[in-house]
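When a residue number appears, it is its place in the shown sequence, counting from 1.
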Amino acid sequence: WIPLPGVLAFMTWAGVGFDASLDNVSFVFKDGELQGLWFQDLGRSVIYPERCPIPIPNDYLGKLVNTVDELHNEVFTGLFQ
């Protein structure tokens, strides 16, 4: 559950959802303390363009969603499976 606050904050603020399922995330530790997450495949991310504060690159490999509900479904499916 450690990655949950960061994943949810990014989704809420920027409309970007990461697949934080265990097979797509590596935990980064320093001196036994969690320092961050490494997402293996950013192509499994989703963006809700209405919320995204930066331009989306033309070569973005992830999925674009049209509603907040779709964004939530994509993120929560990976987190809770």
Side-chain angles (χ1 to χ4, degrees):
W1 295 103
I2 291 170
L4 191 59
V7 170
L8 293 180
F10 211 74
M11 178 179 65
T12 301
W13 174 75
V16 176
F18 296 107
D19 175 0
S21 58
L22 289 178
D23 67 327
N24 195 44
V25 173
S26 295
F27 297 96
V28 179
F29 292 92
K30 181 178 179 183
D31 299 325
E33 299 270 333
L34 181 65
Q35 299 295 306
L37 299 175
W38 181 266
F39 292 94
Q40 304 296 329
D41 183 2
L42 291 177
R44 292 164 59 175
S45 63
V46 294
I47 295 177
Y48 175 52
E50 296 293 319
R51 249 190 219 166
C52 190
I54 59 173
I56 300 168
N58 291 334
D59 61 349
Y60 171 64
L61 298 176
K63 181 178 180 180
L64 298 177
V65 293
N66 297 312
T67 67
V68 172
D69 284 340
E70 286 180 79
L71 176 64
H72 290 173
N73 287 336
E74 292 287 333
V75 172
F76 292 133
T77 298
L79 279 174
F80 297 113
Q81 282 189 349

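Residues V68 and R51 are in side-chain contact: their nearest non-hydrogen atoms beyond the backbone lie under 4.5 Å apart. Annotation: side chain of V25 is in contact with side chain of F39 (closest heavy-atom distance under 4.5 Å). In this structure, L71 and E50 have side chains that are not in contact, with every pair of non-hydrogen atoms separated by 4.5 Å or more.
Hydrophobic clustering (ILVMFWY, side-chain heavy atoms < 4.5 Å, transitive): F29 and L37 are in one cluster. F10 and L64 fall within a single hydrophobic cluster, where Ile, Leu, Val, Met, Phe, Trp and Tyr side chains are chained together by heavy-atom contacts under 4.5 Å. V28 and L22 fall into different hydrophobic clusters, defined by Ile, Leu, Val, Met, Phe, Trp and Tyr side-chain heavy atoms under 4.5 Å apart, directly or through other members.
For D31 (side chain) and E33 (main-chain N/O), no donor-acceptor pair under 3.5 Å exists by modelled atom type. Under a 3.5 Å cut-off, the side chain of N24 and the backbone N or O of D19 do form a donor-acceptor pair.
Across every non-hydrogen atom of W13 and P53, the tightest pair is CH2-CG, 3.6 Å. Closest heavy-atom contact between G43 and D41: N-OD1, 2.9 Å. The minimum heavy-atom distance linking V65 with E70 is given by the pair CB-CB, 3.7 Å. Nearest heavy-atom pair, V16 versus I47, reported as atom, atom and distance to 0.1 Å: CG2-CG1, 4.2 Å.
With values rounded to the nearest 0.5 angstrom, Y48 atom OH is found 10.0 Å from H72 atom NE2.
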